Amino acid sequence: MRREPAETLRVLLPRVRIARRVHQLGVQISRDFRGESVILVGVLKGACIFLADLSREIALNATFDFLAAGSYGQSNETSGQVRLLKDLDTSIEGRNVIVVEDILDTGVTLNYLVRLLRQRHPKALRVAALLDKADRRIQPFTADYVGFRIPNRFVVGYGLDYAERYRNLKDICVLRMAKGKAESKAK
Ligand code: IMP
Ligand code: MG
């Protein structure tokens with residue numbers, strides 16, 4: 001994997017731990033929705049690898065849909081305002097919806113998305129977040145399914161990016177930047 005000289009990677013969650021946890025989440029979801037079908041709504045682009053693996057651990061009829069959200073403005077720090085960049089292709093009315101997200105950080109994105117999707121009257125609306133950085137929350141939010149609670153570090157890999165790079169790492173790694181490119185600015 002090509003790496004900028006100023007960036008170093010340290011494995012936080014190795015692929016075997018991720019696989020084991022994703023399997024457990026799939027078992028739990030399959031149990032919670034036994035006898036029903038679900039629609040997995042992936043939040044682009046970070047959640048695509050998690051969704052691909054999680055869906056194969058779910059023993060139910062499952063369909064996929066995707067949406068994309070982004071925050072207003074150019075700043076690295078979240079502005080607290082989110083907008084929809086890509087909407088779902090299908091109706092979720094009366095369906096069991098599981099929003100699949102890579103990481104729950106400030107909570108701004110998922111608060112916005114859940115409020116939006118609830119207006120469409122799904123039968124059930126749940127959120128699965130692979131990672132949860134609870135210390136960073138500026139808006140309260142609790143996901144129904146959480147893979148790992150992690151400390152306040154900037155992480156990449158398994159779908160998560162820094163400037164669109166590193167999504168294809170198999171492990172989840174902490175990205176450290178040399179001085180002048182602070183970790184907190186890496187959003
Ligand atoms: P929130 O609205 O602050 O909860 O934003 C969540 C989004 O911020 C995620 O979907 C990621 O795109 C991004 N994000 C937050 N923390 C990280 C990180 O450590 N690495 C990569 N992306 C992150
Ligand atoms: Mg994301």
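Indexing begins at 1, ligand by ligand and atom by atom, following the structure's order. Every value quoted in this text rests on a predicted model; they were computed, and no experiment measured them.
- Using a cutoff of 4.0 Å between basic side-chain nitrogens and carboxylate oxygens, Arg137 and Asp132 are scored as salt-bridged.
- Atom numbering of ligand 1 starts at 1 in the shown order; those under 4.0 Å from a heavy atom of Thr106 are 1 (P), 2 (O), 3 (O), 4 (O).
- A distance-only check finds no donor-acceptor pair linking the side chain of Ser37 to the backbone of Asn61 [under 3.5 Å].
- Scanning both residues, Tyr145 and Arg126, for their nearest heavy atoms gives CE1-CB, 4.0 Å.
- Heavy-atom contacts of Glu101 reach the following atoms of ligand 1: 10 (O) (cutoff under 4.0 Å).
- Judged by distance alone, with hydrogens and angles left aside, the side-chain atoms of Arg21 form a donor-acceptor pair with the main-chain N or O of Val146 at under 3.5 Å.
- A salt bridge links Arg120 and Asp87; the closest N-O separation between the charged side-chain nitrogens and carboxylate oxygens is under 4.0 Å.
- For Asp102, every heavy-atom contact with ligand 1 shorter than 4.0 Å involves the side chain, none the backbone.
- Annotation for ligand 1: atoms under 4.0 Å from non-hydrogen atoms of Arg153 are 19 (O).
- Residue contacts with ligand 1 leave out Arg137, since none of its heavy atoms falls under 4.0 Å from the ligand.
- Of the heavy atoms in Arg136, none comes closer than 4.0 Å to ligand 1.
- Residue-to-ligand polar distances place Val155 within reach of ligand 1: an N/O pair is separated by less than 3.5 Å.
- Taking 4.0 Å as the cut-off, Gly46 does not count as a neighbour of ligand 1 on heavy-atom distance.
- Here the closest heavy-atom approach between residue Pro140 and residue Asn111 is recorded as O-ND2, 3.0 Å.
- The proximity of Leu160 to ligand 1, defined as any non-hydrogen pair under 4.0 Å, is limited to the side chain.
- Here the closest non-hydrogen pair linking Ile172 and Tyr158 is CG1-CB, 3.7 Å.
- The distance from ligand 1 to the heavy atoms of Lys133 drops below 4.0 Å at these ligand atoms: 16 (N), 17 (C), 18 (C), 19 (O).
- A heavy-atom separation below 4.0 Å is found between Asp161 and ligand 1.
- A donor atom on one side chain and an acceptor atom on the other are not found under 3.5 Å apart for Arg95 and Thr90.
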